[in-house]
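I have placed the structure first, in the form of structure tokens, so that the comments after it can refer back to it.
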Amino acid sequence: MPAFSRRTLMLAASALGALTLTAGIAAAQVPPLEQKTTYKVGFAQTESNNPWRIAQTESMKAEAAKLGYQLVYTDAAGSAAKQVADVNSMIAQGVDVIFLAPREEKPLIPAVMAAKKNGIPVILLDRSVDPKLAKAGKDYLTFIGSDFIKEGERAAEWLVKNANGKTKIIELEGTTGSSPANDRKKGFDEAIKKAEGFSIVASQSGDFARDKGRQVAEALLQSHPDANVIYAHNDEMAIGAISAVEAAGKVPGKDILILSIDGGKEAVGLVAEGKIAAVVECNPRFGPKAFETMARYAKGEKIEPWVINEDKFYDASNAKAELANAY
Ligand code: GYE
């Protein structure tokens with residue numbers, strides 16, 4: 001083979017190698033974020049049907065206003081399909097970053113991938129996506145939120161210690177396919193399995209909503225009249241469950257122990273009144289941490305795959321004292 005052709009071949013091969021390498025790196029990386037004095041930032045909210053969501057939105061809006069950033073806010077009104085469309089519209093509007101609270105783990109994957117393809121970094125807020133389908137540090141920057149498995153475990157641990165013979169549990173699950181519902185169930189159910197004498201007699205979704213929670217609790221209390229514990233994946237369903245328990249002629253806190261997650265003011269007040277036995281907090285005040293994470297990324301810092309929010313815990317021992325601090 002003549003020398004020049006071998007050289008040409010080698011050059012061609014190394015060029016091809018470099019190309020594949022570049023493509024590989026591009027596919028493996030979250031789009032970069034420029035350091036600027038102001039930004040246009042998207043926040044794709046899931047719904048606004050409860051105090052937790054409202055507190056989260058307020059916190060995001062307040063922080064954006066404080067920094068003087070433009071916030072493009074959308075509310076998917078409980079529809080994953082609308083949330084995908086909302087993200088696509090943010091991409092079309094050329095936002096610099098998208099904060100996304102993915103309603104469900106799988107249906108929002110195309111939105112995450114579309115933003116990445118269009119060079120926009122995504123930061124997941126409060127809920128995550130299926131880790132098998134999209135990865136932190138590759139497809140999206142990071143997930144900022146609580147440890148939902150631990151929240152479920154903490155509710156179970158409190159129950160096991162304070163049950164006083166109440167061992168038959170009705171579980172009200174959050175939105176089917178959402179990361180907090182999946183993980184709050186996992187953490188709680190696994191801890192309960194290990195505790196002797198306890199059983200989950202029924203488990204059904206109340207979609208994180210007050211009236212749905214009430215309806216499901218009412219039906220399950222009828223089919224399981226021996227149940228004496230209700231574990232709800234959020235405050236709204238727990239508050240709905242109180243009405244169901246009272247409608248069944250039973251006394252919440254006496255005949256039926258109610259456990260919840262979120263820690264909004266209304267629920268913490270109900271703990272102080274004795275109607276809810278204990279609440280694991282899930283902190284909705286994301287604004288400062290969300291924008292700080294974004295700034296750290298623009299500065300070139302390496303961002304951890306999970307920015308964990310710490311949660312408090314409320315029961316009869318501290319609910320009155322903590323009421324003023326609850327959102
Ligand atoms: O518990 C619930 C809300 O995703 C952690 O969603 C959040 C949950 C929260 O609707 O009340």
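Keep in mind the model is a prediction, meaning the values are calculated, not measured. Start at 1 and go down the list; that is how both ligands and their atoms are numbered.
Salt bridge annotation for Lys312-Glu281: absent, with no cationic side-chain nitrogen under 4.0 angstrom from a carboxylate oxygen. No salt bridge links Arg154 with Asp147; every basic N to acidic carboxylate O contact stays at or beyond 4.0 Å. One finds a salt bridge joining Arg103 and Asp207 here, because a Lys/Arg side-chain nitrogen approaches an Asp/Glu carboxylate oxygen to under 4.0 Å. Classification of Lys186 and Asp183 as a salt-bridged pair fails, no side-chain N sitting under 4.0 Å from a carboxylate O.
Residue-ligand proximity: Ile261 is placed with every non-hydrogen atom at 4.0 Å or more from ligand 1.
Side-chain polar atoms of Ser89 and Gln93 form a donor-acceptor pair below 3.5 angstrom. When only modelled atom types and interatomic distance are considered, Trp158 and Asp315 share a side-chain donor-acceptor pair under 3.5 Å.
Annotation: atom 1 (O) of ligand 1 to nearest protein heavy atom, Asp262 OD1, 2.5 Å. Summary of contacts: the protein heavy atom closest to atom 4 (O) of ligand 1 is Asp126 OD1, 2.6 Å. For atom 5 (C) of ligand 1, the nearest non-hydrogen atom of the protein is Arg184 NH2, 3.5 Å.
Proximity of the aromatic rings of Tyr69 and Tyr39 is defined here by a centroid distance below 6.0 angstrom, and this criterion is met.
In terms of polar-atom proximity, defined here as any N/O pair under 3.5 Å, Glu47 makes no such contact with ligand 1. Backbone and side-chain nitrogen or oxygen atoms of Arg53 are examined, and one is located within less than 3.5 angstrom of a nitrogen or oxygen of ligand 1.
Contact atoms of ligand 1 toward Pro180: 4 (O) (distance under 4.0 Å to a heavy atom of the residue). Taking every non-hydrogen atom of Asn50 and a distance limit under 4.0 Å, the qualifying atoms of ligand 1 come out as 3 (C), 10 (O), 11 (O). In summary, the atoms of ligand 1 found under 4.0 Å from a heavy atom of Phe148, numbered by their order in the structure, are 5 (C).
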